[in-house]
Amino acid sequence: MNKTNRPIVLEAKGLTKRFPGVLANDNINLKLHQGEILAFLGENGAGKSTLMNMLYGLYTPTEGEIWIKGEKVEMSNPGDAIDRGVGMVHQHFQLVPVMTVAENVMLGSEITSGGGRLNMRKAIQNVRDLSEQYGLAVDPTAVIEDLPVGTQQRVEIIKALYRHADILILDEPTAVLTPQEANELFRIMNDLTAQNVSIIFITHKLKEVLSVADRIGVLRSGQMVGTAMPEDSTETSLAELMVGRNVILQVEKSPSKPKEPVLQIQNLHVRDDRGHASVEGVDLEVRAGEIVGIAGVEGNGQRELVEALTGLRHADSGKIIIDGREITHFNPRQITELGVAHIPEDREKHGLVMPYTLSDNMVLNKYFKAPYAKGVIMHHDKIDQNGQVLVKEYDVRPPNIHALAQNLSGGNKQKVIVAREFSTPTKLLVAAQPTRGIDVGSIEFIHKQIVAQRDQNVAVLVVSAELDEVLGLADRIAVMFDGRIVKILSAAEATRERVGLLMAGSEA
Amino acid sequence: MTTAAVPKARSRGDYAKIIGLIFGVLVLIGIIYGYITNPVTTTAVLASTLRQSTPLVLGALCGLIGERSGVINIGIEGQMLMAAFIAFLANVYTGNLFVAVLAGFATGAVLGAFLAFMSVTLKMDQIIGGTVINILALGLTSFFYQTGLTTQGKMQPIPLGPLADIPLIGPIFFDNPPITYTTLILVMLVHYVLFYTRWGLRTRAVGEHPSAADTVGINVFKIRYINVIIGGGIAGLAGAYLTLEAVGSFERAMTNGRGFVALAVMIFGKYTPFGAWGAALLFGFATALQTQLQFAGQLEIPHQFIGMLPYLLTIIVLAGFVGRTRVPSAVGKPYEKE
Amino acid sequence: MTTQTDSKANISQWLMVFWRSAAVPLVAVILALLVGAIILLISGANPLAAYSALAKGAFGTPIAFGRTLEKATPLILGGLAVAFAFKGGLFNIGGQGQLLVGAIVAAAVGFGIDGLPFIIHMPLALLVGSLAGAVYGAIPGALKAYTGAHEVITTIMLNFIAINLTDFMANGPWKDEGIVARTPAIAEAAAIPTWGNIPIGFFFAVVAALATWYLLYRTTIGYEIRTVGFNSNAAKYAGIGVSYTIILTMAISGFLAGMGGAIETLGVVGRYQPGFNAGLGFDGITIALLARTNPIGVIPAALLVGAMQAGSSQMQFDANVPFQIIDVIQALILFFVSADMIVRWIIRVKPEEGEQVTLSTSWG
Amino acid sequence: GGAAEQAPAEEEAPAEEAAAEEEAPAEEAAEEAAAEEEAPAEEASADEGDCSSEEVFCVGLVTDVGEIDDKSFNQSAWEGVQIASEAGAQVDYIETGDAKDYTANIELFAQNGYDVIVTVGFALGEATAQAAATYPDIDFIGVDQFQGETIPNLTGLLFPEDQAGFMAGALAAQLSESGTIAAVLGTDLVPPVVAFKEGYEAGALYMNPDINLISTYHPGGLDVAFTDPEWGASTAKQAIDQGADVVFGAGGKTGNGALIEVAGNEGVFCIGVDSDQWETVPEAHSCLVSSAMKLITPGVGELIGMSNAGEFPGGNFIGDVGLAPFHDFDSEVSDEIKSSLDEINAGLMDGTIETGYNPG
Ligand SMILES: Nc1ncnc2c1ncn2[C@@H]1O[C@H](COP(=O)(O)OP(=O)(O)OP(=O)(O)O)[C@@H](O)[C@H]1O
Ligand SMILES: Nc1ncnc2c1ncn2[C@@H]1O[C@H](COP(=O)(O)OP(=O)(O)OP(=O)(O)O)[C@@H](O)[C@H]1O
Ligand SMILES: [Mg+2]
Ligand SMILES: [Mg+2]
């Protein structure tokens, strides 16, 4: 329904933000009405986070005005925004991993009993009350780094509520959430709007926008290129508005022609970092020329499974066979040498060396081989050529092989990794969360590449918390729950509902 | 499913703790045995242990207050030395030991402010900042120091009434000069502030995840400045200890690397005040012990090998029981707001 | 457009690049000298007299210049040792210890063997000394790789141990006859000669710097070391043996420091004598930081500091300024070079992309 | 040279004024100027003179690593040189910062035509001998430098430190009531320190065969062993805590730290080393009963005189050693102790008493 007749709680007039060399936001105007959900779409690097950071007092605008609840505000730091009831859940979580939920929530607005002594008991109680009031189910005494991302997400929301925010900014909150967690979040958002909280909601997922937004704003390269109402928009229309060209959202692929098995996993057992059993007897087979997707709520052993396959984590028991060779106790180098490509789940932690140039990053998996190196001597001309080719072929932006990886947007970071991994002759491709946090344009591109690999008889294992991604890509879908593969379905028999139930652990 | 794993999950860390515990118990037994067989020597060694550890603990506290807020301080050595020098001069010219201690504290704090300026405001690499302070302090003190200045003596022990008469414990803990007492109090105070107060929470947050602190309206720069300055003051206290309490006069380069050992002690102690205290005591004990072994003169080992004791022991205990130290995540990284 | 304009453009570009890289250090040194002059004035000395004497003592005569190079030699190698470890994400405070071990072992080879021809003996002594440093450096590497013991602690401790060890050897098993604690003099054939006033050891150091640069930026070993230094997770993912690389990094670092000590023994002192190498390893830290851990930059940094050390005696003699002032000036130079913000603000030069170094990563 | 232009600058900052000033840097600075320049101050008077000329008699001193004002052998030697300057000689010194500069520093004087060059410490022995060979017209005085073969223009000024130590030990043994005496020492890398120690222990045992001797060397290297007063202090304390009631501090500033520590403990005596430390360490007056002296100052003065008179001996020149006056403790040291010390002194002189110390 239309809420534009309600009072305006937040307004931006001609907001502009310039970074050295970049015009991140260009004369942006927006109005947020009480109790409405205003969604923002835009490619990676379009300027969404920048805009939000200005509204939250984190960045100071180069030009323009911000009005909150009818008064013009000059904010020098987030404290000012918080005082005016603005809360923000950041794209990259702003939680101290080694501290407890309660500590994180009260940080900055601590409850103290005389002499600055922290009153933990009271703080814990407050968090309990809040999580009950909004049905957020969070244990105040848990340590953040032990919590699944979904829960961390809710902690961020509690942080805002704890500060009595009635204007809530959510920057890509669903990027890391499973469908279940996302739906949970939308329920919470609706409860909040019912209590007159106003929400700005940023996402790359068009479905979500259509289902929860009251209004939609679209940013492209720093400019507001249009607003839309969900009722008279479609995913395609939004995608087009966002990318500036027409985008194919469904993965186009011919039916698979599976050949000989390339990857065989037999009764595999793996422990997680804390030494707890995490993969418990997985059996799985991936054949050349097919894409097997592993669906599952995060934290059910997918990460450990992938790390075991790629030699980053050693297996307790069981067998991993690639191309007929048992590789259970091989190291990552030996496994890569067998023709295994790996798109790691965490691009910043495993996938890239941030202070390296693009061309150096693009040989991470082959720097020691001819023609890039002869003996121990590296050949930088060859390495740069390689970079040039891949940057062009995979449309990495900026197309400068000497740019540092740390200055790329997530989307482009991901493209660099994909380019590198696809550029070596491959028998098996292991892709973990290949499109997390990435805009539709890039997603379309990466999906195309994965399918192309399959069609060249590569065996592909895709692990994704993104149900749609798995459903769209996979020829066979293995649902993982509690460290086991609970069911393997063919693309045909796999419906959203059925897989969703299996993921939730209920036998279907 | 997880429960099954738990027993096997007992990792290196866990039984390192157990071994550490056993180790501790053995030490305790050793002390008691020593006290029964030879009370005088045992007391002497333990008293010396505490004494040797004092400047190290203070130095380590300086380091950890700074690093908990995300600023590496390898300038402890320089802060100590400069403070020792100024405290000495203050003692010479005012003859007032209290004023001299304050002068030492202030000097350390000023150098702390300088370090904060370099690493927080100028965003200079923090290791460079500390090194600048070390060289500068060494140069300035050696350049401007001249002999012939004599102090009005140094601080003497203040026995705490009946407490001082408790056997073994008394002479060791309750018959010390002021800065030593202050150190013992500081260990507990810093522990309390760091883990039980608003300031401590904010400090740790800033040291682990500055932008998280920033996004809830905490002024990262302010927290870092204040921590590094206070830390500097504590290092200054260590310097004052050297000239006003331990020696009673100044000599060029008299810190002789204690600032760096303090750094080691801080990491060894896993960035906790009591951990650092323990590490410093271990080191001080080994030092006192090597002196005692030379006193005894019985052993046929060349004294250089006896001299290695503290350093070997540190390495063995570190590699054997302590292992990897978790460093505050944001340490060394200047915070970029935009 | 013609090649003419091209080359013009290139030259002006080249000048621009040179200015960019040289301007900040140059201005920094000038600022440091100015502040130093103020301190000298306060102390009642005459800065001009002091500085001209300093310059005279460093470059005034061929002999003086030779001594500058002689002083710069161990500084280059000590600086390389620290810089190299930084590239691998390690903070090697143990240069001093590795240098001492290298120095005394080189001496042992130098006096222990005789009858070898120069062409074998000198290189052998140099190599064995350096390898001793490598072994001593590998210890903290291994401790870090296998037990996680922080190298800052272990290298500091190993410095103290090295002093005791070398003192014992020089005053015990390897002691020269007579009452003085020192090893016998090395054989003629083991000595690193001088070429006129130019110590040949200096060229060894320069070659080491070039080799280090090449190793780091042109070989797979260097690529692996830097990768581990920047992001050990990514290194593991790329199939690099992280533990092995850490040990290798520390070993090479120790090799360089040890080489510094060996050259001191074989080229300058002529034997191992306790106290003759005091502090060299620690100066290495200053040099590495001055050079922003750039192996080539280490050379000018070492020459600068070496010149000040070489000139300090002349400065005392002519201007009656105590040598400790050069520490103060060194600190100021390091400050202004690193606080390039200030300098750039003064001379309006923009930093280049990716120019900044973060040594502190070697902490966590 | 530079010193001449500087002379006025120093006049402006006499020490007393400076001491009065409060504002720190300025004051340190002024003091520095005053102290630093005591040498050139005299020098300034004779500075016009050019050392290479016949009339002007120039004496230069090169310190061992460390400073001229080290309250120890560098300082004693420098005071010896100043005796000559009172006799009209032009004098100057160079502080050595790096052991590898010994030769260069000696050269600086030699090149400028100095007539006598004093080098302090055994470590300069090699460099001095080489220089003596290169500059036959210059007389060299090597403090603590034993001469294997005789070079006419080089004299090693040596001291039987073991005898001084022996006397100190004998005194300590007689003063001690607890029967435990201690020695806090520099490093055995330095021969004189070893000699002092061996002599001290021999002397103590000579007086009281079952005396309990506790002594320790500094565990660090040469660069710290003599400049670590805190270690000296805490080591002395550790010794006192276990009953030592006489402490012999023999190790430059490390030893001084021990003396000052002892001063804070009732009824414990301390004994200094090298020079009469009553003068150099006033903080220790309350415990300093005497010092085991090696009389460097007169020795250096005497040798310079000989050189000036053209009677430079060459080879080894044995200087005097002995105990410093008891000062305030004169009353506390009983007459029989004094007489026994005299006997021992005589015995050591005529060789009827042996310290038992013989360096390799
Ligand atoms: N801290 C910064 N410094 C310099 N430039 C920046 C900074 N942050 C953002 N930019 C620039 O602003 C542009 C917009 O960045 P922003 O983070 O707002 O993109 P975004 O829309 O949030 O992308 P994504 O969808 O991936 O989150 C970027 O392309 C970048 O060039
Ligand atoms: N410190 C910075 N300097 C320059 N550009 C930056 C900086 N921080 C971010 N940017 C730019 O901001 C843009 C978006 O940054 P951001 O980190 O939000 O990318 P992203 O796509 O959101 O990454 P992710 O998908 O991992 O969230 C990128 O183009 C990046 O180049
Ligand atoms: Mg964003
Ligand atoms: Mg982003």
Side-chain angles (χ1 to χ4, degrees), chain B residues 38 40-41 43-45 47-48 51-52 55 85-86 89-90 92-93 103 140 142-157 171 241-243 246-258 284 287-288 290-297 303-304 306-310, chain D residues 15 19 21-22 24-25 27-29 31-32 34-36 66-71 75 182 184 187-188 212-220 223-224 226-235 237-244 252-254 256-257 260-261 263-265 280-284 286:
Chain B
N38 187 342
V40 181
T41 321
T43 316
V45 171
S48 177
R51 183 174 178 146
Q52 309 265 13
F85 181 56
I86 300 298
L89 288 181
V92 169
Y93 291 114
L140 286 176
S142 312
F143 183 76
F144 283 116
Y145 172 68
Q146 90 270 206
T147 41
L149 300 176
T150 54
T151 63
Q152 282 75 345
K154 61 179 184 176
M155 302 197 198
Q156 295 305 328
Y241 168 86
L242 290 181
T243 40
V247 179
S249 88
F250 178 82
E251 285 307 338
R252 294 182 177 91
M254 74 187 295
T255 42
N256 281 323
R258 282 177 181 80
T287 314
Q290 77 89 14
T291 303
Q292 197 58 42
L293 289 176
Q294 278 201 59
F295 278 165
H303 74 83
Q304 288 91 348
I306 304 175
M308 291 178 196
L309 195 69
Chain D
E21 291 170 26
E22 277 318 308
E27 151 232 306
E28 292 156 29
E31 293 259 314
E32 174 62 17
E36 250 326 301
E67 290 75 19
I68 194 74
D69 54 12
D70 64 352
K71 302 179 180 178
Q75 188 169 344
V184 177
T187 169
D188 61 352
N212 177 21
L213 279 158
I214 55 178
S215 56
T216 173
Y217 288 114
H218 189 286
D223 46 343
V224 296
F226 293 94
T227 56
D228 196 351
E230 195 219 347
W231 180 86
S234 46
T235 306
K237 186 76 167 70
Q238 195 171 334
I240 294 166
D241 285 351
Q242 52 201 276
K253 297 151 187 174
T254 307
N256 299 349
I260 301 171
E261 174 65 31
N265 290 264
T280 52
V281 190
E283 296 93 333
S286 64

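Every chain is numbered from 1 and lettered A, B, ... according to where its sequence line falls, protein lines coming before strand lines. Note that these values count all heavy atoms, side chains included, but never hydrogens, waters or copies made by symmetry. What you see is a predicted model, and the numbers here were worked out from it, not measured in a lab.
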For this session: Run the numbers on Glu251(B) and Phe226(D) for side chain to side chain contact (heavy atoms under 4.5 Å, CB included), then give the verdict.
Result: CA-CA 10 Å; Glu251(B) 285 307 338; Phe226(D) 293 94; over 6 Å; no
Exercise. When you look at Asn256(D) and Ser249(B), which way does the side chain to side chain contact (heavy atoms under 4.5 Å, CB included) test go after all the steps?
Worked result: CA-CA 9 Å; Asn256(D) 299 349; Ser249(B) 88; over 6 Å; no
Exercise. Going through the checks in order, is the side chain to side chain contact (heavy atoms under 4.5 Å, CB included) test met by Asn212(D) and Phe295(B)?
Worked result: CA-CA 10 Å; Asn212(D) 177 21; Phe295(B) 278 165; over 6 Å; no
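By number of non-hydrogen pairs under 4.5 angstrom with chain B, the leading residue of Lys71(D), Gln75(D), Glu283(D) is Glu283(D). Per-residue counts of heavy-atom pairs under 4.5 Å with chain D were compared for Gly257(B), Ser48(B), Ala90(B), Gly307(B); the largest is that of Ser48(B). Of all the listed residues (Ala233(D), Ser286(D), Pro229(D)), the one sharing the greatest number of non-hydrogen pairs under 4.5 Å with chain B is Pro229(D). Highest contact tally toward chain D, considering only Thr243(B), Leu309(B), Thr291(B), Leu293(B), is held by Thr291(B) [criterion: heavy-atom pairs under 4.5 Å]. Chain D forms more heavy-atom pairs under 4.5 Å with one residue of Leu140(B), Val40(B), Val247(B) than with any other, namely Val247(B). Among Ser215(D), Pro282(D), Ala244(D), the residue making the largest number of heavy-atom pairs under 4.5 Å with chain B is Ser215(D). Ranked by heavy-atom pairs under 4.5 Å with chain B, the list Val224(D), Thr227(D), Val281(D), Asp228(D) is led by Asp228(D).
Closest approach of Gln238(D) to Ala288(B), counting heavy atoms only: NE2-O, 3.0 Å. Ala246(B) and Glu230(D) make their closest contact through CB-CG, 3.5 Å (heavy atoms, listed as atom of the first residue, atom of the second, distance). Contact between Gly264(D) and Gln156(B) at its shortest, heavy atoms only, is O-OE1, 3.9 Å.
Scored by the ring pair (Phe, Tyr, Trp, His ring centres under 6.0 Å) test, Tyr217(D) finds His303(B) as partners (sequence neighbours excluded).
Neither the backbone nor the side chain of Ile240(D) comes within contact range of chain B; no heavy atom of the residue lies under 4.5 Å from a heavy atom of that chain. For chain D, no part of Phe250(B) is nearby; none of its heavy atoms comes within less than 4.5 Å. For a residue to count as touching a neighbouring chain, one of its non-hydrogen atoms must lie under 4.5 Å from one of that chain's; by this rule Pro157(B) does not touch chain D. Residue Ala239(D) touches chain B through both its backbone and its side chain, counting heavy-atom pairs closer than 4.5 Å.
Counting only distance, with no hydrogens or angles, the side chain of Asp241(D) and the backbone of Val45(B) share no donor-acceptor pair below 3.5 Å.
Remark: Thr235(D) OG1 to Gln52(B) CD distance equals 6.5 Å, nearest 0.5 Å. Atom CZ of Arg252(B) is separated from atom CG of Asp70(D) by 9.0 Å, given to the nearest 0.5 angstrom. Rounding to the nearest 0.5 Å gives a distance of 7.5 Å between OG1 of Thr254(D) and CG of Asn256(B).
Under the 4.5 Å side-chain criterion, counting only non-hydrogen atoms from C-beta, Gln242(D) is in contact with Gln292(B).
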